[in-house]
Amino acid sequence: MTDIGIGTGSTTTSRTQRPGSGTRGTTTIADGVVATIAGIAVRETDGVRAVGKGAAKALGAVKNRMPGSTDPGHSVKVERDEQTVSIGVDIEVEYGELIHELADQVRSRVIDAVETMTGLDVSAIDINVFDVHVPQDDDAEGAGAG
């Protein structure tokens, strides 16, 4: 049995270890932990070029180049209700990817990672595909910089 309580920025779970023994304590899982787990799962999905947009994307790109300074959950939104968590993420995809299939892969990976690692139920994953990366764009930017 899992009881999920709502707190500011965290979810508390409590599990019964043995029938009739009562609970043996609580575990509080911060929203940032859920966001980090989800962010790593999204980034590990082939075909996802970037996570986050605008300033979050730029900040993530800089942070990811600095050793020890990564924050995989920086652009993942987590919302909770009494029983579940929902996750929102903005992604840029590689040109040629089948976006609907890629979204299904992202959802599957995130749900598996979050539910396995936290024991929380994921009710929804909202994916906003905000851009498509076209490899020729990189060539044009490199030629204009010289």
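Owing to the predicted nature of the structure, the values given are computational and were not obtained by experimental measurement.
Formation of a donor-acceptor pair under 3.5 Å by the Arg109 side chain with backbone atoms of Gln105 is not found in this model. The main-chain N or O of Val122 is found under 3.5 Å from a side-chain atom of Glu115 such that the two form a donor-acceptor pair. In terms of modelled atom types and a separation under 3.5 Å, the side chain of Thr84 and the main chain of Arg80 share no donor-acceptor contact.
Atom CD1 in Ile111 sits 13.0 Å away from atom CG in Leu120 (nearest 0.5 Å). Here Asp104 contributes atom CG and Thr45 contributes atom OG1; the two are 11.5 Å apart, rounded to the nearest 0.5 Å. Asp112 CG to Ile37 CD1: the interatomic distance, rounded to the nearest 0.5 Å, is 11.5 Å.
Other residues, nucleotides and ligands contribute at most 12 non-hydrogen atoms within 6.0 Å of the CG atom of Asp46.
Closest non-hydrogen pair, Pro135 versus Tyr95, comes out as CD-CB, 4.3 Å. Closest non-hydrogen pair, Arg43 versus Ser75, comes out as NH2-OG, 3.9 Å. Val76 and Ala38 make their closest contact through CG1-CB, 4.0 Å (heavy atoms, listed as atom of the first residue, atom of the second, distance). The shortest non-hydrogen separation linking Ser123 to Ser86 is OG-CB, 3.7 Å.
Both Val132 and Leu102 are assigned to one and the same hydrophobic cluster, defined by single-linkage of ILVMFWY side chains at heavy-atom distances under 4.5 Å.
Using a 4.0 Å cut-off between charged side-chain N and carboxylate O, Lys77 and Asp90 make a salt bridge.
Evaluation of the side-chain contact (heavy atoms from CB on, under 4.5 Å) rule for Ser108 yields no partner, not counting sequence neighbours. Not counting sequence neighbours, the partners of Ile127 by the side-chain contact (heavy atoms from CB on, under 4.5 Å) test are Val89, Ile91, Ala103, Val106, Arg107, Ile125, Val129.
Side-chain contact check for Val34 versus Ile29: some heavy-atom pair is nearer than 4.5 Å. Within the 4.5 Å cutoff, no side-chain heavy atoms of Val33 are placed close to those of Met117.
Side chains of His133 and Glu94: a donor on one and an acceptor on the other come within 3.5 Å.
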